[in-house]
Amino acid sequence: MYDFKRIEQKWQTYWKEHNTFEAKNGSEKKKYYILVEFPYPSGAGLHVGHVRSYTALDALARKRRMEGYNVLFPMGWDAFGAPAEQYAIANHIHPKDAVQENIKTFKGQIQTIGISFDWNREFATTDADYYKWTQWQFLKFYEHGLAYKAKKPINWCPKCKTGLSNEDSSGGVCERCGTPVVQKEKEQWMLRMSDYAEQLLDGLDDTKFQERTKIAQRNWIGKSTGAEVDFKVADTDETLTVFTTRPDTLYGVTFMVVAPEHPMIETLKDRIQNMDAVRAYQEEARHKSAFERTELVKDKTGVCLEGLKAINPLNDTEIPIYISDYVMMGYGTGAIMAVPAHDDRDYAFARKFDIPIIEVIKGGNIEEAAYTGDGEMVNSGVLNGMTNKKDSIDKMIAYLEETKIGRKKVNYKLQDWIFSRQRFWGEPIPMIYCEDCGWVPVPEKDLPVLLPDVANYEPTDNGESPLAAITDWVNTPCPHCGKMARRETDTMPNWAGSSWYWLRYMDAHNDKEFVSMDAMKYWGKVDWYNGGMEHATRHLLYARFWNQFLYNIGLVPNKEPFEIRTSHGMILGDNGEKMSKSKGNVVNPNEIVENYGADALRTYEMFIGDYEKEAAWSTNGLKGCKRFLDRVWKLQDCLNDKDGYTDEVLINQTIRKVTNDLETMKYNTAVSALMILVNRFEEAKTITRSDLRTLIHLLNPIAPHITEEMNEICKLGTPLCESSWPTYDEAKCESETFTMVVQVNGKVRGKIETKSETSKEEMEQLAREIENVKAHIEGKEIVKTIVVPKKLVNIVVK
RNA sequence: GCCUGAGUGGCGGAAUAGGUAGACGCACAGGACUUAAAAUCCUGCGAGGGUUAUACCUCAUGCCGGUUCAAGUCCGGCCUUAGGCACCA
């Protein structure tokens with residue numbers, strides 16, 4: 001048992017006093033930038049899940065430093081946004097104070113676990129010095145036409161009383177509180193992220209993200225290739241344009257469907273004979289929440305627009321037009337051509353409304369269901385007889401373009417980013433509305449637009465930001481004409497501050513620029529970025545978009561901000577469920593550090609299982625790791641005066657194993673390899689100083705305190721944090737003998753220890769001499785013998 | 001419904017250019033030390049059969065097939081489960 005409290009305190013002080021983890025801008029050394037997602041400093045304090053990912057990347061950072069790199073491993077606080085605000089409201093304090101208090105708690109907790117962050121670069125997104133530049137960058141978006149204000153139906157959370165982006169309300173419920181989201185019309189600031197769909201897709205090829213992350217990003221961007229086709233509306237000048245990925249089925253169109261909000265309905269309202277029914281349906285659709293529209297009601301509803309007919313441009317057939325909420329205004333053109341024979345949704349609609357179904361691809365049975373597979377084209381004019389879907393599509397698109405009734409078209413699910421929130425606790429959007437001049441950006445010299453220091457910041461029911469009620473703040477002269485004008489009262493979403501924070505770390509105290517170009521050129525991309533899988537879509541996409549934009553206008557040197565992206569698995573309670581107060585399964589890292597020490601906690605979290613998978617907490621498992629550290633500690637009593645290594649092969653193998661495992665996030669097997677080494681050392685009873693030094697050196701990235709202390713009291717050399725990472729000799733990883741396995745018909749019948757250089761012939765000879773092997777081949781015909789050098793012999797008999 | 005992963009002892013998990021399944025740890029059991037407990041140390045530990053004891057044999061990596069001298073690993077088809085997307089035309 002060692003005095004972990006004293007030791008951990010001692011070394012944490014040592015690192016601080018020696019600035020051991022300071023990253024130096026412009027150093028001669030090779031740089032390495034490691035980033036972990038900065039946390040929301042919530043009132044709940046640090047979670048053992050944070051400890052897992054911080055320790056993992058800390059181990060990498062410590063190893064890189066020992067490998068001679070100038071490492072940037074920073075930490076800060078993502079302190080704007082709903083959680084901080086709700087905590088403040090619940091505890092009746094100003095969010096600013098709540099944030100400060102929580103940051104203090106978090107920082108203290110992180111420091112007790114000995115993570116090697118460079119605290120000199122710490123900042124919070126809520127610092128005026130920081131959000132000044134977030135606002136400045138918003139103005140850049142505005143300047144380049146990528147920020148615009150639009151009145152559009154937005155996702156509104158009635159509980160949080162704020163607008164949500166499409167990303168924040170996926171599944172029709174509020175990401176934050178789970179309340180079903182409703183539609184509300186509101187003027188909102190938008191960022192033209194959809195313009196970047198293709199670049200965001202292409203850029204993935206320049207990253208080394210995990211494949212699953214790339215797939216998630218691609219799915220989110222949702223590229224689909226097809227065609228737009230123009231349908232004339234009979235007896236009018238209107239054209240109804242649709243997007244389809246299946247222009248090959250154009251001859252099978254038997255009706256059209258437009259979204260309830262489609263503008264054509266207003267344009268042609270005088271010709272629609274059943275306008276009352278149409279209005280009623282529109283009303284009904286509007287009151288449906290996104291949840292009802294997408295989740296609950298898969299049953300098709302709709303109304304036929306009586307008096308209107310569309311004309312199929314290929315064969316001049318007149319077909320009916322319906323409105324239905326299964327067509328979304330936000331995607332494509334808000335209108336579709338329906339081919340019930342070959343699309344499940346159209347099929348369901350056609351069946352319900354008794355619309356004809358025309359088969360154009362053979363292979364299915366239209367009496368039973370839509371057929372979406374391949375087959376021979378029929379009833380399709382020029383396409384008849386074709387059997388390859390891709391060829392048919394290409395041919396049809398060529399025909400559409402030739403006859404000018406359609407064109408090739410690519411669509412994306414990715415939409416523009418709704419950038420307004422009706423909240424107090426966010427970066428004020430630096431725009432002013434003047435009656436005469438319209439929207440005017442706040443001049444750069446007036447940045448930051450500070451949040452007012454008031455007591456009332458709770459969200460309002462009328463959909464306005466709490467800032468709107470603060471007239472002193474709202475009323476301000478127009479920067480353009482000087483007449484009294486009004487500030488924008490919406491604030492930015494909490495994703496804003498996290499969309500460029502890694503850049504700020506490179507030059508965190510710069511008051512002239514958001515970051516100097518020199519700093520950005522030196523640090524380059526983030527080499528390794530780790531965060532939660534839940535951020536693999538939204539945050540990562542916003543951050544990449546933001547960075548690509550800055551790159552395109554020449555403000556940053558790399559188009560892609562991150563090289564490697566990894567994700568950690570969650571730590572669950574000991575019952576296998578997510579930790580929560582109500583379930584009573586929350587493990588407090590403070591208590592663990594107090595009772596077992598930071599090193600034990602760190603070692604356990606690395607040993608708990610596959611880093612990328614979730615893992616259930618086990619206090620017994622933690623105790624096992626504490627026991628391991630106690631045994632390491634006791635090895636100092638086993639030191640002898642001999643030189644070199646006791647077991648050259650084992651040491652070299654262990655260095656190789658740990659070195660590789662730390663690169664591939666296989667922390668659990670790295671710890672296990674060190675446990676094996678300790679087991680061997682204990683069996684040997686006596687070990688050399690080199691044995692011990694190498695063991696603690698390899699263990700140091702995971703358990704930095706105990707290892708530094710042992711290194712010091714055993715006088716093994718310079719502090720580990722100032723020493724070079726151990727190297728291994730590949731040639732010395734091979735032992736002189738191996739266990740030769742002998743199989744008969746693939747079943748193991750014997751093992752024998754023999755020299756590594758034993759020839760194939762000798763191996764076969766040795767194999768046959770084993771008694772049990774003899775018994776199994778006795779009296780049988782040997783068909784063949786397989787010999788794998790340094791592995792096994794398999795004798796096949798009949 | 002679609003896209004990703006993952007299914008191995010009582011438990012967490014090792015092992016994939018196909019080559020000893022169960023490393024390492026936990027739990028459990030027996031023993032040592034102790035007045036006793038804790039801690040620590042030693043031994044055992046997939047299931048079944050077999051032996052005085054060794055030996056040895058059979059079965060076993062979600063299920064069913066296949067390829068191979070040899071399959072946890074490769075192929076085909078299922079089942080279960082976790083995560084992501086979802087009326088996206």
Side-chain angles (χ1 to χ4, degrees), chain A residues 1 170-172 210-220 222-224 226 242-246 249 257 259 293-295 297-300 324-328 330-339 343-346 348-349 411-415 533-534 536-537 567 569-570 574 576 603-604 607-610 612-625 627-628 630-631 634 666 668-679 682 738-751 771-772 775-776 783-788 790-797:
Chain A
M1 188 70 175
S170 62
Q210 287 163 318
E211 203 49 39
R212 61 173 173 162
T213 303
K214 289 192 184 185
I215 290 167
Q217 294 253 308
R218 287 195 191 104
N219 287 345
W220 197 277
K223 180 177 183 171
S224 54
V242 301
F243 173 70
T244 178
T245 54
R246 294 297 305 276
T249 62
V257 187
R293 194 159 158 172
T294 62
E295 292 289 316
V297 191
K298 296 278 184 185
D299 189 30
K300 298 284 178 287
S324 172
D325 61 7
Y326 85 91
V327 174
M328 310 290 152
Y331 182 78
T333 62
I336 62 159
M337 56 176 234
V339 185
D343 181 282
D344 292 326
R345 295 149 303 177
D346 299 346
F349 194 89
N411 258 317
Y412 303 90
K413 287 188 207 171
L414 186 71
Q415 297 186 15
M533 200 55 209
E534 71 274 19
T537 45
S567 315
M570 244 194 305
D574 57 9
T603 307
Y604 172 58
F607 188 60
I608 195 168
D610 186 333
E612 296 187 356
K613 288 194 213 134
E614 54 186 33
W617 179 268
S618 154
T619 300
N620 278 326
L622 169 81
K623 286 179 185 167
C625 289
R627 205 172 294 156
F628 164 65
D630 286 338
R631 286 164 57 205
K634 277 194 236 154
K666 290 167 125 184
N668 53 341
T669 49
V671 174
S672 135
L674 292 168
M675 286 173 168
I676 292 169
L677 192 61
V678 170
N679 290 345
E682 284 181 343
F738 74 101
T739 306
M740 183 176 97
V741 172
V742 183
Q743 301 179 329
V744 178
N745 285 351
K747 284 195 160 66
V748 179
R749 299 300 182 191
K751 296 173 194 178
E771 286 304 319
N772 193 39
H776 280 91
V783 184
K784 63 171 161 180
T785 305
I786 284 110
V787 181
V788 184
K790 292 185 195 172
K791 279 240 166 68
L792 60 67
V793 175
N794 187 10
I795 302 168
V796 186
V797 297

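Quick note: numbers below take in every heavy atom, side chains included, and nothing from hydrogens, waters or symmetry partners.
Remark: the separation of the C1' atoms in A6(B) and G62(B) is 11 Å, to the nearest Å. Taking the C1' atoms as reference points, C74(B) lies 8 Å from G18(B), given to the whole Å. Comparing U52(B) with G46(B), their P atoms are spaced 23 Å from each other, to the whole Å. Comparing the P positions of G9(B) and G22(B) gives a spacing of 14 Å, expressed to the nearest Å. On the P atoms, G19(B) is 40 Å away from G30(B), given to the nearest whole Å. Across A39(B) and C56(B), the matching C1' atoms stand 41 Å from one another, rounded to whole Å.
Checked against salt bridge (Lys or Arg N to Asp or Glu O under 4.0 Å), D610(A) has the following partners two or more places apart in sequence or in another chain: K613(A). Residues passing the ring-ring contact (aromatic ring centres under 6.0 Å, His included) test with F607(A): none are found, sequence neighbours excluded.
Note on S618(A): nothing from the nucleic acid sits closer than 4.0 angstrom, heavy atoms only. If you check every strand for non-hydrogen atoms under 4.0 Å, T785(A) touches nothing. Within the nucleic acid shown, R218(A) has no heavy atom closer than 4.0 Å to any nucleic acid atom. In this structure, L792(A) reaches the bases: a heavy-atom distance under 4.0 Å links it to at least one base atom across the strands shown. Across all strands, G624(A) comes closer than 4.0 Å only to sugar-phosphate atoms, never to a base (heavy-atom distances). Within the 4.0 angstrom heavy-atom criterion, no nucleotide atom of any strand lies near M533(A).
The side chain of R627(A) lies closest to A27(B), out of A27(B), A89(B), C85(B).
The residue among M337(A) and V671(A) whose nearest nucleotide of RNA chain B lies closer to the 5′ end is V671(A).
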(message) Protein within reach of the bases, or only the backbone? For nucleotides 42-59 of chain B, mark each nucleotide 5' to 3' as B, S or -, using heavy atoms under 4.0 Å.
(response) --------------SSSS
(message) Each nucleotide in nucleotides 6-18 of chain B should get exactly one letter: B, S or -. Can you fill that in based on protein heavy atoms under 4.0 Å?
(response) ------BSSS---
Produce the list of close N/O pairs, under 3.5 Å, pairing protein atoms with atoms of nucleotides 64-70 of chain B; give distances to one decimal.
unit_1 : atom_1 : unit_2  : atom_2 : d
C69(B) : OP1    : K784(A) : NZ     : 3.3
C69(B) : O2'    : N794(A) : ND2    : 3.3
C69(B) : O2     : N794(A) : ND2    : 2.5

(request) Under 3.5 Å for both distances, Watson-Crick or G-U wobble, that's the pair rule; now give the dot-bracket for RNA chain B, with | marking pairs to another strand and [ ] for crossing ones. (result) (((((((..(((......[....))).(((((.......))))).((((......))))..(((((..]....))))))))))))....
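Residues T213(A) and M533(A) meet the side-chain proximity criterion, which asks for heavy atoms closer than 4.5 Å.
Without hydrogens or angle criteria, D343(A) side chain to A338(A) main chain gives no donor-acceptor distance under 3.5 Å.
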